[in-house]
Each structure stands twice: as C-alpha cells, then as structure tokens.
Amino acid sequence: MEQTKKDVRILAIETSCDETAAAVIKNGREVESNVIYTQIQLHTVFGGVVPEIASRKHIEKINPVIEAALREAEVTLEEIDAIAVTYGPGLVGALLVGVAEAKALAYGAGKPLVGVHHIEGHISANYIEHRELEPPFLCLVASGGHSHLVLVKDYGEYEIVGRTRDDAAGEAFDKVARAIGLGYPGGPKIDKLAKEGNKNAITFPRAKIADAPEDFSFSGLKSAVLNYLNQCEMKGTEINRADVAASFQQAVIDVLTEHTIEAAKRLGVDRVAIAGGVASNSSLREQMKKACMKSGFQFYHPSPVYCTDNAAMIGVAGYYEYKKGVRAGWDLNAVPNLKIGQR
Ligand code: KG4
Ligand code: ZN
C-alpha cells in the first residue's frame, strides 16, 4: 500500500508594517487560517503609518492573533512543523515584534524557524489560488513600499529586472489621495472614486527611464498632480476629484502594464503575475488581464485579501524555504532594508 505523505503545516507571522497577522498553511498552498488585525483605523488620523504606534499595537495583538490562527485551523502548536516569520524589509520596530515572538514560540515548542522576505511573500500569494502555477514566471510587485518587476526563476530564486527609482506605486496613490482630500490609505479610495471619473480628462506624464526601460519612476507623476491642483486653485477653477483620481490612476496603470509586458516579452516567459497592495486595484487587474491576453501570456493575480499584507503569503513562501532545508538561527534579527534573494 502506498504510504500517505505526512502533511506539512507552517505557522506564519507577519508584522512588517501596520497589519498584525498570523496564518496556518498546509502543504504550501492550502490556507487553513488567515487572521489579520489591521491597524489602519489607528493610523488614519495621522495620514500614514506611525512606526511607534504600529510596534506597540503589534505587541498588544500578536498573541491573540496567533491564538486565533491556531484555533481557526483547529491545530495546536505541537502539530505545527515550522514557524515562518517576516524578518524584512519593513519597519524595524514592527518587524522585531514578529521576529521575537516567532523565536520564542519556536524555541519553546522545539520547532524549526524560517525567516521570510516580505516581498517573496507577496509574490508567493499567487500560489494560494493557482495550484497549477509554478516558476518560472514574471511578477509585478506593487505595494506601499515597493515597485519591482521580479523574475521568479524557481521557488525561492528571484531576479529583479525592474525597480522604482523613487516612489513606490502605492506611495504615489497614498500621496495623491491625501492631496485630493481622500485620506489614508489612498489606494482603495482612489480605486473607488476613479470609477466615477474620466480617465482621459487630464494628461499626466508616464515616465520612462532611457537606459532602464523596465524601471519605474512615480515622483514626477505625483508632482504633476500636485501642480495641476495648485494651478486650479490659483485660477479658481473647480477641481473634479473623480477626474483627477481616474487620470492619475490610468497613468500609473499604463506604466505598470507596459513595463511588465515589455519585460515578459524580453525574458521569453509565458506567465505573468501581480502582487502587493496595488495589485488589488480593479482597473489594474482588468488592464493587465487584457494586455496579457493580447500578448499570449497566462495572467495570475491573488484575491484582494492576499494582495495586501497577510501572513498566509508568508506561510507559503516559508513552506518552500522549509522544504529546501533553509533554517534561521536563534540570532535571527529584523532587517529593515533586506534585499530580495538575500539570506
Ligand atoms: O502590500 P501592502 O498592503 O503593504 C506594503 O507592503 O506596502 O500595500 C499597501 C499599499 C498602500 O499604498 C495602498 O494604498 C495600496 O497598497 N493599495 C491600493 C489598493 N489597495 C491597496 N492601491 C491601489 N488600488 C487599490 N485598490
Ligand atoms: Zn506588503
């Protein structure tokens, strides 16, 4: 009789920014629980994430969130095979809470510890709902802190083929949202308001870097929106916020889509994925899907809940590291500027 393979369960912890999250992942792709305590409400009054407040809240919430994740998955810590934790990049004080917690739990329960790169987690979110997806593929990672084009060569093997020279795409969404009075976080609010506006109303710039056509730059676009708003105010012209939102969003989407498709063609991959908070943008998903179809690429994207920060994606990335035998020592530390593919 064929022997049944033992299931592998990873308890994952994510505290790199303003979400306190824990999840249990079975065999790398099955989400048994995904608990997220979002601090967004707390930071909204300040117009952005306040690192000190984020760290304090993580300390308060980390234990109940982990307990809930184990309870929902109906497993005990003893039944967990390894503990995976985001150790960078992110806010150092926030990361430290997750890292210290993971080390304490792993040490106490005698379980292996696996350190996970936050962006590798975002990319791995695509594996959850697309069981057939396997490397190699190209992934656009667009979040509040990052805009990268990453070639996923194999599990845990990444090559950055494009990056932002200044602001991240999500950062541009947040700054423009603040300028038109929408508040934090800007991405989902612009996404919603843009549906009521005309995306061709205002022509905003689409930056292209001459010697690096796959890199991004969003600070010029942000300045162009601010200039437009200032000019309207000076002239006393009424500002149509929905048109600004739609035109700005279209400029970001055009750049993200165009660079991704160009890179995929150059690299000769036939699969394209998106990840990170901005990947939950409804218009980006539509435009990317159409562009991929036109160029004959298979297109993958996670559900919105797996696009923004969560621990399920960390558990998936952690599983593949665990399978490769990657283990962190008890000296694992938070690395706020951790580079992708760095160990
Ligand atoms: O991945 P994420 O949760 O955190 C980071 O690792 O940064 O991304 C958060 C970013 C924020 O800048 C937020 O405004 C943006 O993702 N975002 C969106 C949408 N939902 C979140 N941007 C555009 N459209 C959305 N629907
Ligand atoms: Zn993130």
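Here the structure is a predicted model, which means the values were calculated and not measured. First listed ligand is number 1; within each ligand, the first listed atom is number 1.
Short contacts between ligand 1 and G145, defined as distances under 4.0 Å to a heavy atom of the residue, involve ligand atoms 7 (O). Heavy-atom contacts of H122 reach the following atoms of ligand 1: 1 (O), 6 (O) (cutoff under 4.0 Å). Of all atoms in ligand 1, listed by their number and element, those nearer than 4.0 Å to a heavy atom of G170 are 12 (O). Shown in contact with S280 at under 4.0 Å from a heavy atom are these atoms of ligand 1, numbered in order with element: 19 (C), 20 (N), 25 (C), 26 (N). Near T308, meaning under 4.0 Å from any of its heavy atoms, are these atoms of ligand 1: 3 (O). Ligand 1 places these atoms under 4.0 Å from at least one heavy atom of H118: 6 (O).
Judged by distance alone, the side chains of S283 and E286 never bring a donor and an acceptor atom under 3.5 Å apart. Looking only at atom types and distance, the side chain of E262 has no donor-acceptor partner in the side chain of T260 under 3.5 Å away.
Of all protein heavy atoms, the one closest to atom 24 (N) of ligand 1 is N281 ND2, 3.0 Å. Of all protein heavy atoms, the one closest to atom 21 (C) of ligand 1 is G277 O, 3.4 Å. For atom 10 (C) of ligand 1, the nearest non-hydrogen atom of the protein is G144 N, 3.4 Å. The protein non-hydrogen atom at the shortest distance from atom 18 (C) of ligand 1 is G187 CA, 3.4 Å. Nearest protein heavy-atom neighbour of atom 26 (N) of ligand 1: D191 OD2, 2.9 Å. Atom 2 (P) of ligand 1 has as its closest protein heavy atom D309 OD1, 3.5 Å. What sits closest to atom 11 (C) of ligand 1 on the protein, heavy atoms only, is D174 OD2, 3.6 Å.
A perpendicular orientation is assigned to the rings of H118 and H122, their planes being inclined by more than 60° (bins at 30° and 60°).
Residue contacts with ligand 1, taken as heavy atom pairs separated by less than 4.0 Å, do not involve E19 at all. Residue contacts with ligand 1 for H146 are absent, since no atom lies close enough (heavy atoms, distance under 4.0 Å).
With hydrogens and angles ignored, the 3.5 Å screen pairs no side-chain donor or acceptor of E101 with any backbone N or O of N63.
Q249 does not count as a contact of ligand 1, since none of its heavy atoms falls under 4.0 Å from the ligand.
Residues D211 and P213 come closest through the heavy atom pair C-CD, 3.8 Å.
Taking 4.0 Å as the cut-off between side-chain N and carboxylate O, R71 and E67 do not count as a salt-bridged pair.
Ring to ring, H259 and F216 are close: their centroids are under 6.0 angstrom apart. Aromatic ring centres of Y320 and Y127: separated by under 6.0 Å.
The number of heavy atoms from other shown groups lying within 6.0 Å of NZ (K111) is above 12. Within a 6.0 Å sphere centred on CZ of R29, heavy atoms belonging to other residues, nucleotides or ligands number more than 12. Atom NZ of K208 is surrounded by more than 12 heavy atoms from other residues, nucleotides or ligands within 6.0 Å.
For the side chain to side chain donor-acceptor pair (under 3.5 Å) with D81, the qualifying choice from R9, K6, K26 is K6, the only one to do so.
Around the Zn ion (ligand 2), protein N, O or S atoms at less than 2.8 Å number 3.
The side-chain contact (heavy atoms from CB on, under 4.5 Å) check on D154 picks up P135, E157, with sequence neighbours excluded.
In this structure, F137 is not a member of the same hydrophobic cluster as L149, with clusters built from ILVMFWY side-chain heavy atoms closer than 4.5 Å.
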